[in-house]
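Inspection log for the structure reproduced underneath, given as structure tokens.
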Protein chains: 2
Amino acid sequence: MGRMADSKRRPTSRRALYHQLRRMVLTLELAPGAAISENELAATLGVSRTPVRESLIMLAQDGLVQIFPKIGSFVSRVDPAQVADAQFLREAVELAALDDLPDELDAGVVTELRENLEHQRGPGLELEEFFALDEAFHQGLLRLSGHANAWTTVAAAKGHLDRARRLGLYEHASSAEFAAQHAEIFEAVLSGDTERARGAMRTHLRAVFSDIERIRAHSPQLFATDSTAVPVRRSVAVWE
Amino acid sequence: MGRMADSKRRPTSRRALYHQLRRMVLTLELAPGAAISENELAATLGVSRTPVRESLIMLAQDGLVQIFPKIGSFVSRVDPAQVADAQFLREAVELAALDDLPDELDAGVVTELRENLEHQRGPGLELEEFFALDEAFHQGLLRLSGHANAWTTVAAAKGHLDRARRLGLYEHASSAEFAAQHAEIFEAVLSGDTERARGAMRTHLRAVFSDIERIRAHSPQLFATDSTAVPVRRSVAVWE
DNA sequence: GGACAAGTGCTTGTATACAAGTGCTGCCCG
DNA sequence: CGGGCAGCACTTGTATACAAGCACTTGTCC
């Protein structure tokens, strides 16, 4: 799945489009369930259908877009099953990484993590900024254990989880609570107390996860119900 | 990542090709590092470049194919870093699943696993048959813990690992040893001894993993060395 | 003889035309 | 008035033509 190296290769419209659309899907700028027209996108962006189409195929391979032949393409609704899968996978990986920490921690990464936590505590933090810091923090912990690349795989699989998290944070933005949990994990890691670190991490990840049912009740149209369901075409009248 | 649902959608050339090529890559029928020509494939299969090209893009998204603009497309060499990542991820997930087993195991799955083990012990087992049984066994264990779908994600990420395993087994085909390890894990699970199950699983997975360096020394051309390296085109003279 | 440049043959990237399926609209006809 | 069916508007799937880059071959000119 989209490994980092992809973005470093020779740029093409397809790859640029893929990264742009992927960002838009993950930030909910493109709402779950929204229809995507290859023709419309191509016309808007001033390119032909080919690169648009190919970038959608890449996103479909990521599970972020669903393509129904002769019917239409849609941003995937947030699939609770996939959210749970990603949660389970993420927890398994991050806990295993904590078990695998070396005796001597990389000083550079430790400093980086400390500065990251400072920023997290900063007042008036934009939501997107906090997300970036959160992502960097967890990735940093994996780097400490020497499994930095495993994060790439996890990141690719947790698209649905991230969108659910954003839905949750847009409602009650409690980043301070999460920042405190991050600090707790970090302290435990520094003190070499693996068990405490594991416990704190588990608590943290499950706190993030526990909000999803509430969000789902609030905005059910963003979630998938029957994963075998197929959409149908509708003609609608609109003003030009 | 190619979720199972994909194969159930309305069939198109692109999806059929994707599954066929994916199988060929994973079974080493298409060797790591081999060049793939869109034109040649299209001509061979009697379709146009479009579905061929799009299926290659899907495989590239899986990390099984690398596409270099204006240069060529290649079956990915087995990347030791990705193999290690997949190994770490797989071990984390399978051990976490063992921690998460319910008190009452699903009787149907238990029966299925028992029959699976019977077949594994069978004499004169084809290599591919053993692989299929192995795959089903591990998936079954995840089903027992209620995280069957997580296997899909792991399966998508372990393409490089599986190819490395095949390279290993083609050389010294010790399926009996692995079958015994499977049985050991299964017994521990049935007896409810989580710690013993975890230990056996860890031993098993690492035994699978430990062969890779030997294989790499034997067939280095199948492995990636510098992941930033870019291939070049060569003109060769051949008889028609 | 040697250097340089056009040419050749391959590659993938993009644009465009057409094929084929779906669901609604509205006309036609009973 | 109502049923059926052709047509329309839209979708994605596939085929094809051309654009652009790379590496080698070959001809040409110095």
Side-chain angles (χ1 to χ4, degrees), chain A residues 5-21 33-61 65-76 229-240, chain B residues 5-21 33-61 65-76 229-240:
Chain A
D6 282 356
S7 51
K8 295 165 121 190
R9 295 205 198 298
R10 174 186 268 95
T12 63
S13 305
R14 184 218 311 164
R15 282 170 180 146
L17 260 172
Y18 165 70
H19 289 292
Q20 178 183 345
L21 289 175
I36 301 177
S37 164
E38 293 179 2
N39 281 312
E40 191 181 337
L41 249 181
T44 301
L45 300 172
V47 296
S48 79
R49 269 184 62 207
T50 306
V52 171
R53 174 181 177 72
E54 293 180 346
S55 65
L56 288 183
I57 290 175
M58 295 171 80
L59 288 167
Q61 203 65 2
V65 160
Q66 290 177 292
I67 301 176
F68 299 92
K70 315 301 173 65
I71 297 181
S73 301
F74 304 82
V75 179
S76 298
V230 171
V232 295
R233 297 196 37 71
R234 294 266 173 247
S235 293
V236 292
V238 294
W239 291 104
E240 294 287 327
Chain B
D6 281 357
S7 52
K8 294 167 126 186
R9 295 206 196 300
R10 172 185 269 95
T12 63
S13 308
R14 183 217 314 164
R15 284 172 178 143
L17 259 174
Y18 165 70
H19 289 293
Q20 179 184 346
L21 289 175
I36 302 177
S37 163
E38 294 179 1
N39 281 314
E40 190 181 336
L41 248 181
T44 302
L45 300 172
V47 296
S48 79
R49 267 184 63 206
T50 306
V52 171
R53 172 178 178 74
E54 292 179 347
S55 65
L56 289 183
I57 289 174
M58 295 171 80
L59 289 167
Q61 204 65 3
V65 160
Q66 289 177 293
I67 302 176
F68 298 91
K70 315 302 173 65
I71 297 181
S73 301
F74 303 83
V75 179
S76 298
V230 171
V232 294
R233 297 198 42 70
R234 295 265 172 248
S235 292
V236 292
V238 295
W239 293 104
E240 294 288 325

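Note on naming: letters A, B, ... go to the chains in the order of the sequence lines (proteins, then strands), and numbering restarts at 1 for each one.
- Under the rule for a side chain to side chain contact (heavy atoms under 4.5 Å, CB included), the partners of A/Ser13 that lie at least two apart in sequence or sit in another chain are A/Pro51.
- Note on B/Ser13: a side-chain N or O is less than 4.0 Å away from OP1 or OP2 of D/dT14.
- Atom-to-atom distance recorded for B/Glu40:CD and B/Leu45:CG is 10.0 Å, nearest 0.5 angstrom.
- If you check every strand for non-hydrogen atoms under 4.0 Å, A/Ile36 touches sugar and phosphate atoms only.
- Scanning both residues, B/Gln66 and B/Ser76, for their nearest heavy atoms gives CG-OG, 3.5 Å.
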- Message: Run the side chain to side chain contact (heavy atoms under 4.5 Å, CB included) test on A/Ile36 and A/Val52 for me, step by step, so that the C-alpha distance in whole Å, both residues' side-chain angles and the decisive distance to 0.1 Å come before the verdict.
- Response: CA-CA 10 Å; A/Ile36 301 177; A/Val52 171; over 6 Å; no
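- Where B/Leu56 and A/Pro51 each meet DNA chain C at their nearest nucleotide, the meeting point lying more 5' is that of B/Leu56.
- Taking CD of A/Gln20 as the reference point, atom OG of A/Ser55 lies at 9.0 Å (rounded to 0.5 Å).
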I'd like a table of atom pairs between the protein and nucleotides 20-22 of chain D - only N or O on both sides, under 3.5 Å - with the distance next to each one.
{"unit_1": "D/dC22", "atom_1": "OP1", "unit_2": "A/Arg10", "atom_2": "NH2", "d": "2.7"}

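- Straight-line distance from the CZ atom of A/Phe68 to the P atom of D/dT12: 12 Å, rounded to whole Å.
- Taking only distance into account, the side chain of A/Arg15 never meets the base of C/dG13 through a donor-acceptor pair shorter than 3.5 Å.
- Counting to the nearest Å, the P atom of C/dC18 and the CZ atom of A/Arg49 are 14 Å from each other.
- The side chain of A/Ser73 places an N or O atom within less than 4.0 Å of a non-bridging phosphate oxygen (OP1 or OP2) of D/dT12.
- In this structure, B/Glu54 atom CD and C/dT14 atom P are separated by 13 Å, rounded to whole Å.
- Closest approach to the B/Ile67 side chain among D/dT12, C/dG13, D/dT14 is made by C/dG13 (side chain taken as heavy atoms from C-beta onward).
- A sub-4.0 Å separation between OP1 or OP2 of D/dA15 and a side-chain N or O of B/Ser48 is present.
- Rounded to whole Å, the distance from CD on A/Glu40 to C1' on D/dT11 is 12 Å.
- Phosphate proximity of D/dG13 to B/Arg14: present, with a side-chain N or O under 4.0 Å from OP1 or OP2.
- Taking only side-chain nitrogens and oxygens, B/Arg53 comes nearer than 4.0 Å to OP1 or OP2 of C/dG13.
- Residue-level contact check: B/Ile57 touches neither bases nor backbone, having no heavy atom under 4.0 Å from any strand.
- Atoms CZ and CD, from B/Arg53 and B/Glu38 in turn, are 5.0 Å apart once rounded to the nearest 0.5 Å.
- What separates CZ of B/Phe74 from C1' of C/dT12 is a distance of 11 Å, to the nearest Å.
- Across the protein-nucleic acid pair, B/Gln66 atom CD and C/dT11 atom P stand 18 Å apart, rounded to whole Å.
- In this structure, the separation between CZ on B/Arg14 and CD1 on B/Ile57 is 9.5 Å, given to the nearest 0.5 Å.
- Contact annotation: B/Asn39 side-chain N/O to C/dC10 OP1/OP2 distance is not under 4.0 Å.
- To the nearest 0.5 Å, atoms CG (A/Leu17) and CZ (A/Arg15) are separated by 12.5 Å.
- Proximity of A/Ser37 to the phosphate of D/dT11: a side-chain N or O atom is located under 4.0 Å from OP1 or OP2.
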